[in-house]
Amino acid sequence: MPSKKLDFKTGQYVVYPTQGVGKLVRVEEQNVAGQKVKMLVIDFERSHMTLRVPVERAEISGLRPLTSIKKMDEAIASAKGKAGAKRMIWARRAAQYEDNINSGDPMKLAEVVRDLQRRNPTDTMTFSARQLYLRALERMAQEFAVLHKIDLDAASEKIEDILGVPKEIDLNAVDGDDDDDEEPDDEE
């Protein structure tokens, strides 16, 4: 049973864990299996998607209001730290990163960005690592953009500036020298 009732207002930006930031456009009643159900209608403009979440299931689904600027700044600061231990095989780490991205939690997104970002221009990144990094960065940037009233590209750039990601990095460069199938190096 939910411990508190979330209070959302039309026009408010919200975060749905697996989709990112969307705008609550209206609350409507729908007839579902003979019962009237109040639905939150959320528009995800970037992905051209509309999502309907029953009001009673909003908290259980992970729907939440935007985080505060202070908490976002804390998440970005944590992404500046040293990358976490990479002792497990890539497939398990990738699954953990995927779970963190789909959690919608800014601190977990920051963890993925921290662990996968390149620290200097000569670093290479595998295709799957690059995709996870870009998804985590985009999710963080979506919320950052709304909080700071800037566009998504500017938010991504600003986050990478704060993190110190070198500008000359080509995010499309992939590591072509590896003969084994293991993803990012397990260096410490």
Distance-minimising heavy-atom pair for S68 and L147: O-CD1, 4.1 Å
Note, P106 side chain near F144 side chain (heavy atom, < 4.5 Å): no
Beyond-backbone contact of V14 with R64, side-chain heavy atoms, under 4.5 angstrom: no
Side chain proximity check, L51 to V41, heavy atoms < 4.5 angstrom: no
Pairing of R46 and E138 as salt bridge, 4.0 angstrom limit: yes
Verdict with reasoning, V15 to L66, per side-chain contact (heavy atoms from CB on, under 4.5 Å): CA-CA 6 Å; V15 177; L66 292 178; 3.8 Å; yes
Minimum heavy-atom distance A129-L116, with the two atoms named: O-CD1, 3.7 Å
Distance, nearest 0.5 Å, that separates CG of D153 from NZ of K158: 15.5 Å
F8 side chain near I42 side chain, heavy-atom distance below 4.5 Å: no
R93 CZ to D115 CG distance, which is reported to the nearest 0.5 Å: 8.0 Å
Contact check, side chains of L132 and R135, non-hydrogen atoms, under 4.5 Å: yes
Ion pair R52/E28, N-O distance below 4.0 Å: yes
Polar side-chain atom of Q142 near backbone of V21 as donor-acceptor pair, under 3.5 Å: yes
S61 side, atom OG; E56 side, atom CD - distance, nearest 0.5 Å: 11.5 Å
Cluster overlap Y97 with M107, hydrophobic side-chain contacts below 4.5 Å: no
Short side-chain to backbone donor-acceptor contact, Q117 and A79, under 3.5 Å: yes
Main-chain N/O of G104 paired to R139 side chain as donor or acceptor, under 3.5 Å: no
Modelled atom types, side-chain donor and acceptor of N31 and Q35, under 3.5 Å: no
Hydrophobic cluster membership, V55 vs L63, 4.5 Å side-chain cutoff: yes
Distance, nearest 0.5 Å, that separates CD1 of I162 from CD1 of I76: 4.5 Å
N100 to L109 - nearest heavy-atom pair and separation: O-CD2, 4.1 Å
Check ion pair K9-D7 (N to O, under 4.0 angstrom): yes
Cluster check V53, M39: I/L/V/M/F/W/Y, side chain < 4.5 angstrom: no
Smallest separation among heavy atoms of W90 and S128, with atom names: NE1-OG, 3.3 Å
Within 6.0 Å of OH in Y13, more than 12 heavy atoms from elsewhere: no
Common cluster, M49/L152, ILVMFWY with side-chain heavy-atom separation under 4.5 Å: no
Closest heavy-atom pair and its distance - S103, P17: O-CB, 3.5 Å
Y16-V25 co-clustered via ILVMFWY side chain contacts under 4.5 Å: no
OG1 on T18 to CG on N102, rounded to 0.5 Å: 6.0 Å
Residue pair R114 / K80, side-chain heavy-atom distance below 4.5 Å: no
Side chain to side chain, H148 and I69, heavy atoms closer than 4.5 Å: yes
E143 to T67 - nearest heavy-atom pair and separation: OE2-N, 2.7 Å
Interatomic distance, L40 atom CG to R57 atom CZ [nearest 0.5 angstrom]: 13.0 Å
